[in-house]
Each structure stands twice: as C-alpha cells, then as structure tokens.
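First comes the structure, then the notes that go with it.
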Protein chains: 2
Amino acid sequence: MTAHSEIATQPGDQRYGLRRSVRLPGPLLLDSGAALKPVDIAYETYGTLNADRSNAVLICHALTGDQFVASEHPVTGKPGWWTRAVGPDKPIDPARHFIICANVLGSCLGSSGPASVDPATGTPYAMRFPVITIADMVRAQAMLLDHLGVAQLAAVVGGSMGGMQALVWPTLFPERVRASIVIASTARHSAQNIAFHEVGRQAIMADPRWRGGDYYADGNAPTAGLAVARMAAHITYLSEAGLTEKFGRKLQAREAKTFGFDADFQIESYLRHQGISFVERFDANSYLYITRATDYFDLAEDHGGSLASAFARTNARFCIISFDTDWLYPTAESRNIVHALHAAGRAASFVELSSPFGHDSFLLEAPEMNRVLDGFLRAGA
Amino acid sequence: MTAHSEIATQPGDQRYGLRRSVRLPGPLLLDSGAALKPVDIAYETYGTLNADRSNAVLICHALTGDQFVASEHPVTGKPGWWTRAVGPDKPIDPARHFIICANVLGSCLGSSGPASVDPATGTPYAMRFPVITIADMVRAQAMLLDHLGVAQLAAVVGGSMGGMQALVWPTLFPERVRASIVIASTARHSAQNIAFHEVGRQAIMADPRWRGGDYYADGNAPTAGLAVARMAAHITYLSEAGLTEKFGRKLQAREAKTFGFDADFQIESYLRHQGISFVERFDANSYLYITRATDYFDLAEDHGGSLASAFARTNARFCIISFDTDWLYPTAESRNIVHALHAAGRAASFVELSSPFGHDSFLLEAPEMNRVLDGFLRAGA
C-alpha cells in the first residue's frame with residue numbers, strides 16, 4: 001500500500017532537490033483520537049544519507065511554508081524559502097547533510113490535508129479532515145523518516161511554527177534526535193497569538209464562497225477572505241520599526257493623497273499584494289487547520305503544566321534563537337524555553353539576535369544566525 | 001436654513017445630557033477641496049455656559065466613539081463611554097464646565113457622513129461622501145461652537161483619534177483654545193497603524209454585501225466584513241500582557257479542547273462578541289471614512305514636515321498623556337509631540353501612566369489620569 005513518486009529535475013532546472021511524495025498506509029493516530037489513513041507526505045531531500053546514517057537534518061517549515069526549502073516553488077517559481085541557510089557552503093549543506101523537508105500534515109502542497117480526497121467518500125475531506133496538532137505533524141514526519149530509513153536525526157531545525165515542531169520532536173522521540181534548533185518560536189500560543197489567528201479564520205468563514213469548506217468542486221474558493229486573513233497575519237510578521245523604515249508614510253507613485261480609497265500609501269499596496277499573491281499558492285481550509293494547530297500548541301499543558309517536565313526525557317542538545325524586534329513570538333518566550341531546559345538539566349544554547357525585521361528576520365539575510373547554526377551543528381558532528 | 005432639535009430627557013432616564021442636533025447651512029470647505037452643505041452635527045451638552053462664556057470644554061471622541069460621552073447610548077443602552085472622567089465630582093464636571101461632545105464628521109450617530117442624504121440626489125451619499133480629514137472634523141466642531149456662541153474653549157480634550165483633534169484645534173484656531181489635553185494619541189499615523197486600518201477596509205470591501213457602499217436601500221449591510229475589521233482593530237486596543245492576564249489560554253466553559261472550529265478559547269468568543277456587537281451600532285462606510293481620516297493624519301506634513309512649526313502659532317497650554325502598554329500609539333509618539341512643543345517654546349506637561357490595559361486604558365478606571373486631568377484643568381481656571 002506504500003506508493004511513492006519522484007519527479008526528476010528538469011534540464012536547466014535550478015533546483016537540486018528531489019520533488020518527492022509518498023503515500024503511507026497509516027493509520028496515523030492523532031491527538032484528537034481520530035485515525036488518518038492513508039497518509040500522504042510530500043517532501044524534498046538534498047544531499048545523501050551517509051553510510052552510518054548519521055547525517056540527516058530535518059527542516060520544519062512555518063505556518064504557510066512548504067517543503068521547497070531550497071528548491072523552486074512549483075506555483076510561484078520563486079527560489080526556496082531558506083536558501084540563505086540551506087545550500088552549498090551554507091550551515092545546512094547538502095555536501096555534508098542529508099536534508100529533508102516535508103510539507104506538514106494539514107497543508108496543501110501534497111501532504112494530507114483538507115483538500116485531500118477522503119477515501120471514505122471519494123471527495124475532498126474539506127472540514128471533515130480531522131483537526132490536527134503540532135505533535136501530529138511531528139508524528140507524520142517520524143513516519144516519513146521510517147520510510148526513508150532514518151532512525152535518528154543529527155538535528156531538527158525550524159523557525160516559527162517550524163520551531164514548535166523542533167521543540168516537540170525530542171519530547172516525543174527522545175532517541176531519534178541529537179540536536180534541536182528552535183528559531184523565532186514559542187512553547188505556547190498566547191492570547192494575542194490566538195486572537196490574530198481567530199481574525200483570520202473569521203475572515204475566511206465570513207466569505208460567502210467558503211460554504212462550510214466545500215468549495216473544491218467548482219474551484220470558487222474564498223480567496224477574498226483568505227487574502228484578508230493573510231494581510232492581518234502579515235502585519236505580525238514585521239516590526240513596527242521595520243515597517244517605518246521600509247514604508248513609513250511614503251505615497252505610491254503619486255505626488256499627493258488622492259482623497260479616495262485606492263492604495264495611496266505604499267504600505268497599503270504592499271499589504272494588498274501580500275494578500276493577493278498568497279491566495280494563489282495556499283488553500284483556505286488548510287489555513288484554518290494549521291492556524292488551529294498552532295493555537296492549540298502549549299507544550300507545558302501536555303506535561304502537567306510544567307515545561308521543564310516536557311523536557312525531562314529529552315536527549316538532544318538545544319539551540320534557541322530569538323530576534324529582538326519579533327513581537328509575534330518575543331524573546332521572552334524563548335527565555336521561557338531556555339529556563340525550562342535548564343531546570344530540566346538539558347544542554348541549551350540561547351542567543352537573541354538583533355535585526356530590524358521582526359518575526360520574519362529568520363527568513364532574511366541573517367549572517368549571525370548562520371554563524372550560530374553552523375557552530376551549533378558542527379559542535380555535534 | 002439653520003435647523004436644530006433637542007430631545008427632552010425621558011422620565012426616569014439616567015441621562016443628564018441633552019440629545020441635540022443641528023443642521024448648519026455650510027458650506028464647510030474640506031481639505032480635499034470639496035464643499036459640504038448642509039452640515040449636520042449631532043452633539044450632547046452637559047452643564048451650563050457661564051456668564052463670561054469661559055467654561056466650555058470640548059470633548060473629542062475616538063474612531064468609533066460618539067457624542068454620548070456621559071449619556072446612555074441610544075442603540076446599546078450602555079452608559080456613556082467616559083463617565084469615569086466626565087460627571088459630577090469628576091475632572092470634567094457639569095457643575096463647573098459647559099461640556100460639549102459632538103459626533104465627528106463622517107460618523108453615523110447623527111452628524112453628516114456617508115449614510116446622510118446627499119441633497120443633490122436625494123439618496124444617501126455612500127461612497128460619494130467626500131473624503132474627510134481630522135482637520136475637517138475640527139472645522140465642523142468650530143462651526144458648532146459658533147452656533148452655540150462659544151468663542152473660546154477652556155479646554156479641548158480627547159483620547160486616541162480624539163487626541164488628534166485636540167492637537168489640531170490650537171493649530172487651526174489659536175485664539176479659540178486655552179488648553180489642549182491629548183491622551184493616548186499621536187501626531188501622525190505610522191505604517192503599522194495604516195496597515196491595520198487597511199486590513200479592516202479590505203475586510204469590508206471584500207464583503208459582497210458592501211456593493212461599492214450602496215447598501216442602504218435594502219439595509220443588507222456588510223456586517224460580516226465590518227465585524228472582521230473590528231476584531232482586527234480590537235486586538236490593537238489591548239496589550240499582550242492585558243490579554244494574557246484576562247484570557248491567557250483559558251478555555252470556554254468546557255473541560256477540554258473540542259478539536260473543532262468553534263470558539264474553544266475565551267479570547268476567541270470575546271473577539272467574536274466584539275465584532276458582532278459593533279456592527280449593531282456602526283456603519284461600515286463610516287468606518288472606511290474615519291479610518292481614512294486617521295491614516296491621512298500627519299500634523300507635521302501640513303507644516304512643511306516640522307511638527308514644531310505646526311505648534312508655532314498656538315496659544316494653548318498642552319497636556320500630553322500616554323500609557324506604558326499602549327502599542328497602538330506608544331509613548332514614543334507622545335514624546336515626539338512634547339519635544340516639538342518644547343522646540344516651539346510652548347507650555348507642555350507630559351506624563352506616561354502605567355496600566356496593564358494597553359491603548360484602551362484611557363477609557364477604563366484610571367485614577368492617576370483623573371488626577372492629572374483635574375490638576376491641569378484647575379491650573380487654567
């Protein structure tokens with residue numbers, strides 16, 4: 001019942017990854033109590049697993065990210081989202097590492113999610129897809145590693161929601177992770193985090209095209225609601241100072257205000273563009289499911305309310321990185337993690353980096369982050 | 001052509017204000033170049049103008065506020081929005097002050113706005129209402145003062161968008177204002193401020209019921225879009241710490257997560273309630289116009305880019321108050337105002353108050369704010 005596919009790199013293709021997907025029989029037992037089967041996982045790999053199978057690095061992507069960490073995105077044609085950290089002569093290097101990045105469960109780039117066909121009905125799950133958690137995403141990744149013959153990861157690495165997965169990995173599979181790198185992330189979603197996601201969900205559900213999630217048949221998706229959701233979320237990815245530096249109150253290519261409702265300010269047209277371009281590559285129902293998974297995330301809650309208890313069984317070295325202008329998951333959240341790791345007697349490195357770009361800093365040019373990543377990964381080699 | 005009306009207080013009514021409105025002939029010349037006529041202004045007054053007409057205090061309301069500063073709201077039945085600061089034995093006291101609060105131009109509680117009838121067509125203006133500015137709101141208030149026979153204000157007072165009006169008043173009418181009190185406000189909207197408003201406007205315009213603003217005929221208003229706009233804005237009125245204190249990750253009256261999309265967390269149902277209750281009392285087109293007015297606000301820009309120049313002609317004493325957890329208009333914005341006032345050689349008091357409740361602190365119990373207000377007002381009496 002396990003089926004897999006590989007798409008060969010096209011001539012002239014800048015990608016050096018392999019576009020792969022696998023259908024695993026499952027069942028995958030979920031935190032909700034539901035069982036998912038089959039389980040589709042779409043993933044990319046870079047580099048080669050070495051003889052003693054000790055060089056695998058799993059990269060976990062963020063909320064609306066994907067497996068194309070260092071490969072051209074099939075829809076947008078854009079380069080991979082983390083080529084600044086992953087690639088030849090980068091901290092995560094296919095010459096040294098066997099790099100894996102899988103589309104998370106619930107997403108829409110090939111892994112099982114609400115747009116997948118429910119074998120029970122032969123039609124898309126839509127909102128009948130089970131609600132998933134960050135731990136469920138990690139369990140699906142573990143199934144993929146089994147399929148790939150990777151018993152143990154040299155490291156699991158992720159930023160934002162990817163950092164949540166990187167945190168959960170050593171707690172669920174203590175023997176399978178030697179190092180965990182958690183960037184611009186948190187051990188639990190705050191009330192404000194939940195609030196922003198709830199605005200996005202309500203924007204989608206308020207769109208008459210959403211129709212309870214059953215919009216796949218005619219392809220008339222709730223793009224207007226999804227665009228608004230993206231716009232609201234996008235503000236939280238940037239710092240106030242970064243927005244002021246980049247846009248300030250600069251007008252579009254006009255000499256004066258129009259006294260109308262077109263995009264007068266550059267920040268307005270920028271945000272509108274973020275909304276419009278997002279809906280071309282992302283599924284509204286997946287947005288509902290994945291935001292829900294992050295809102296449910298509270299690592300301490302799963303361990304009697306103690307974050308230190310969550311780390312009691314882990315065997316990994318941890319590296320925690322935050323950015324000083326990140327107000328979505330501020331440095332205080334990273335400090336909470338580090339304090340809990342220390343309370344649990346775990347090895348934890350922590351650094352707060354300075355960047356004007358807020359939460360998204362980890363996706364941008366960040367030489368200091370690269371140095372930290374490189375040093376931490378080499379120390380374990 | 002001037003018509004005015006007063007509604008008598010009902011027996012048993014808790015209101016001690018007078019519900020008034022006036023139709024002024026205009027024209028009111030607007031910053032856009034358009035001329036508005038007639039100009040309807042709905043307002044409340046409390047107390048009596050003294051013999052030498054020296055005790056008038058104008059209160060300017062915030063974005064979605066109204067003239068019912070210390071009177072029961074006619075739609076919601078709730079008490080006035082600032083009874084903590086306005087009333088018997090409060091800093092602004094009808095026993096001592098003649099208190100005026102007018103619904104701002106562009107709003108929907110009786111003053112001219114997009115829901116008003118355009119005399120040229122006999123139908124509501126909708127999006128044919130001219131785009132207005134904070135200065136236009138102030139000019140309309142000045143016309144009201146002319147009508148009321150108030151040549152000079154003892155003080156103009158406002159929080160948030162009301163603070164913008166309080167800032168503009170002494171710059172437009174230097175001889176008509178003896179004191180200006182600016183609370184939790186700013187001299188210009190930042191890129192982040194504009195971004196949040198743009199999300200709200202896009203949510204409204206994305207609602208198919210909006211129909212270019214022409215929804216008045218059938219009353220089928222874009223309530224879903226307006227509710228989403230309110231939810232997004234509401235997050236900015238509260239502090240992260242306040243949200244955590246009030247809601248944290250507390251669940252609704254259930255024992256566990258539902259693994260569904262109902263409001264599991266209290267913050268979710270709170271936000272949904274904010275959205276739903278808002279649409280009962282506010283017009284979507286007014287929301288577009290008033291957010292636009294605040295986004296256009298940049299007091300320095302109107303004076304060659306120098307905020308100090310804006311204050312050069314003013315004769316008022318200024319009192320600037322900020323709250324330490326306000327991230328919508330943070331203390332740094334108030335400091336900018338104070339620095340410019342000092343550079344212009346104006347008298348300016350400044351205090352940053354401590355409160356866990358973010359931007360909305362000025363609407364809540366704030367004994368320190370009341371002491372500052374009282375002291376500042378009495379010093380000028």
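- Between chain A and the residues B/Ile235, B/Ile132, B/Leu271, B/Thr223, the most heavy-atom pairs under 4.5 angstrom are made by B/Ile235.
- For A/Leu243, the parts lying near chain B are the backbone and the side chain together; criterion is any non-hydrogen pair under 4.5 Å.
- Within the 3.5 Å criterion, the main-chain N or O of B/Lys257 finds no donor-acceptor partner in the side chain of A/Tyr296.
- Within the model, atoms CG of A/Asn285 and CZ of B/Phe261 stand 8.0 Å from one another, a figure rounded to the nearest 0.5 Å.
- Looking at A/Phe259 and B/Asp31, their side chains come closer than 4.5 Å, going by heavy atoms from C-beta outward.
- Contact between A/Arg249 and B/His189 at its shortest, heavy atoms only, is NH1-O, 2.8 Å.
- The choice from B/Gly275, B/Ala195, B/Pro208, B/Pro330 that makes the most heavy-atom pairs within less than 4.5 Å of chain A is B/Ala195.
- When B/Ile194, B/Asp207, B/Thr133, B/Leu30 are compared by the number of non-hydrogen pairs under 4.5 Å with chain A, B/Ile194 comes out ahead.
- Both the backbone and the side chain of B/Tyr289 come within less than 4.5 Å of a heavy atom of chain A.
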* Hey, mind stepping through B/Glu240 and A/Trp327 against side chain to side chain contact (heavy atoms under 4.5 Å, CB included) and telling me if it holds? -> CA-CA 10 Å; B/Glu240 197 276 340; A/Trp327 61 277; over 6 Å; no
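- Ranked by heavy-atom pairs under 4.5 Å with chain B, the list A/Gln202, A/Lys246, A/Met205, A/His234 is led by A/Gln202.
- At a threshold of 4.5 Å between non-hydrogen side-chain atoms, the residues A/Arg272 and B/Glu198 count as touching.
- Neither the backbone nor the side chain of A/Gln266 has a heavy atom closer than 4.5 Å to any heavy atom of chain B.
- With a 4.5 angstrom heavy-atom cutoff, A/Arg201 touches chain B only via side-chain atoms.
- Per-residue heavy-atom pair counts under 4.5 Å with chain B were compared for A/Thr244, A/Asp298, A/Leu238, and the maximum is reached by A/Asp298.
- Proximity to chain B involves both the backbone and the side chain of A/Phe196, based on heavy atoms less than 4.5 angstrom apart.
- Between the side chain of B/Arg292 and the backbone N or O of A/Gly260 there is at least one donor-acceptor pair closer than 3.5 Å.
- Residue A/Ala191 comes nearest to B/Gly248 through the heavy atom pair CB-O, 3.4 Å, listed as atom of the first residue, atom of the second, then distance.
- Here B/Val131 is the residue among B/Asn193, B/Ile267, B/Leu288, B/Val131 with the most heavy-atom pairs under 4.5 Å with chain A.
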